[in-house]
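This one's a predicted model, so the numbers in the text were calculated from it and none came from an experiment. In what follows, chains are A, B, ... by sequence order, proteins preceding strands, each numbered from 1.
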Amino acid sequence: MRDLNSQSQPQSSILLEWYDQHARSLPWRISPADRAAGVWPDPYRIWLSEVMLQQTTVAAVKDYFHRFTSRWPTVADLAAAPDADVMAEWAGLGYYARARNLLKCARVVAQDYGGIFPNTYDGLIALPGIGPYTAAAISAIAFDRQATVLDGNVERVMARLYDIHVPLPTSKPQLKEKAAALTPAERPGDHAQAVMDLGATICTPRNPACGICPWRTPCAARAARTATELPKKTPKKPKPTRIGIVYLARSAAGDWLLEQRPDKGLLGGMLGWPGSDWTDSPDSPAPAPPFEADWQLLNAEVRHTFTHFHLILRVMLAELPAEFAAEENQRVIARHDFKPTDLPTVMRKAFDLWKGC
DNA sequence: CAATCGTGGTA
DNA sequence: TTACCAAGATT
């Protein structure tokens with residue numbers, strides 16, 4: 001007799017059928033026609049897309065991916081690029097340590113590996129900026145290896161599929177085990193992308209579309225009506241508000257004074273306006289203008305929220321003296337070389353405030 | 001291990 | 001307006 005439990009175990013084959021019909025066309029993906037013709041993705045493009053996609057939405061990544069791949073078509077091209085060019089191209093995407101590690105990684109691959117990415121999980125995870133998720137993703141998607149990805153989507157899908165109420169990150173090993181048990185030997189890369197697509201389009205954090213989910217039959221959370229409350233997460237700490245000052249100095253010719261921030265820490269390696277430290281106290285922060293001048297306070301403030309604090313920035317303006325002697329980390333950028341899009345968003349907001357005056 | 005590290009979209 | 005969230009890595 002037919003085993004009624006046969007449908008109670010989720011199967012990769014069901015998910016892959018759904019994926020073949022619903023896969024989104026993405027710039028780093030091989031089209032179904034190409035894949036049928038035996039074309040495999042370029043590991044460089046998979047690596048680049050996966051690093052950009054770390055904690056970042058597909059919508060935000062698309063344009064950056066196009067700009068990077070058209071400007072630097074190969075890992076060797078990227079490895080040869082000046083640091084400042086890469087940081088400027090990454091500006092606005094956030095988590096700037098990714099850009100610094102991207103360059104480090106490209107240079108290791110170009111110089112130590114002859115421009116060929118290692119094709120194993122162990123080889124990949126040893127590279128800068130490649131952690132457990134990204135190593136698994138590249139292994140599976142670019143090299144057809146049976147690796148299991150565990151990102152936020154997979155965590156959510158597994159927690160619901162098996163109705164796991166243990167909060168993250170404690171439940172992570174358990175979720176990884178479930179995800180690994182579902183990973184097929186055939187098409188592991190498509191399977192990985194299918195689970196993530198499922199999480200991004202059907203098994204969403206709020207209002208999951210359980211009725212049209214390919215795994216609706218075996219889903220334990222759907223049966224228990226607990227899907228929307230999963231996965232549980234340990235509560236986050238509240239964000240403090242910090243206050244700071246930035247100094248916009250513009251010469252009579254329209255040139256701007258900027259600073260390259262230190263490699264470590266917030267906005268590391270990026271251009272920014274000279275300024276004070278950002279303090280927690282409501283007291284006005286110690287002024288630290290880059291030169292003595294008649295600094296004018298703009299009549300509006302920058303408000304910006306980082307991962308773990310809110311920031312209020314006061315913006316001061318003065319004319320940059322022609323004889324100004326720049327420090328080592330400072331750059332006087334000519335009017336026509338200055339592009340606000342080269343700045344991280346919080347710094348661009350300060351510029352926008354001036355522009356609106 | 002808990003903290004750090006960006007930004008934009010969404011309810 | 002606020003809080004949550006997104007194809008996480010590093011220390």
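Side-chain contact between Phe338(A) and Asp255(A) is absent, with no heavy-atom pair separated by less than 4.5 Å.
As a whole-Å value, the separation of Arg100(A) CZ from dC5(B) P is 10 Å. The distance between atom CZ of Phe306(A) and atom C1' of dC5(B), rounded to the nearest whole Å, is 10 Å. Counting to the nearest Å, the C1' atom of dG8(B) and the OH atom of Tyr64(A) are 10 Å from each other. dT1(C) atom P lies 16 Å from atom NE2 of His304(A), rounded to whole Å. As a whole-Å value, the separation of Leu313(A) CG from dG6(B) C1' is 14 Å. Look at CE on Met270(A): it is 12 Å from C1' on dT7(B), rounded to the nearest Å. Remark: P of dA3(B) and NE2 of His308(A) are 11 Å apart, rounded to the nearest angstrom. A straight line from CD of Glu229(A) to C1' of dC4(C) spans 17 Å, rounded to a whole angstrom.
Summarising the local packing, CD of Glu229(A) is surrounded by more than 12 heavy atoms from other residues, nucleotides or ligands at distances under 6.0 Å. Enclosure of atom CZ in Arg71(A) by more than 12 non-hydrogen atoms of other residues, nucleotides or ligands within 6.0 angstrom is indicated.
Using a 30° and 60° split on the angle between ring planes, Tyr44(A) and Phe117(A) fall in the tilted class, from 30° to 60°.
Not counting sequence neighbours, Glu50(A) has no partner by the salt bridge (charged side-chain N to carboxylate O under 4.0 Å, His left out) test.
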Report, as a single string ordered 5' to 3', how protein heavy atoms within less than 4.0 Å touch nucleotides 5-11 of chain C: B base, S sugar-phosphate only, - not at all. SBBBSS-

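Taking the C1' atom of each, dA6(C) and dG6(B) are spaced 12 Å apart, rounded to whole Å. Using C1' as the reference atom, dA7(C) and dA3(B) are 22 Å apart when rounded to the nearest Å.
Residues Asn207(A) and Lys349(A) each lie close to DNA chain B; by heavy-atom proximity, the contact nearer the 5' end of the strand is made by Lys349(A).
The cationic group of Arg348(A) does not satisfy the cation-pi geometry with Phe351(A), failing either the under 6.0 Å distance to the six-membered ring centre or the 45° limit from the ring axis.
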Just do the side chain to side chain contact (heavy atoms under 4.5 Å, CB included) check on Leu313(A) and Trp278(A) with the steps written out, would you? CA-CA 9 Å; Leu313(A) 272 186; Trp278(A) 301 343; 3.6 Å; yes

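Here Pro169(A) lies out of heavy-atom contact (under 4.0 Å) with every strand. Val346(A) comes within contact range of the sugar-phosphate backbone alone, with a heavy-atom separation under 4.0 Å but no base atom that close.
Within the structure, a side-chain polar atom (N or O) of Thr345(A) is placed less than 4.0 Å from OP1 or OP2 of dG8(B).
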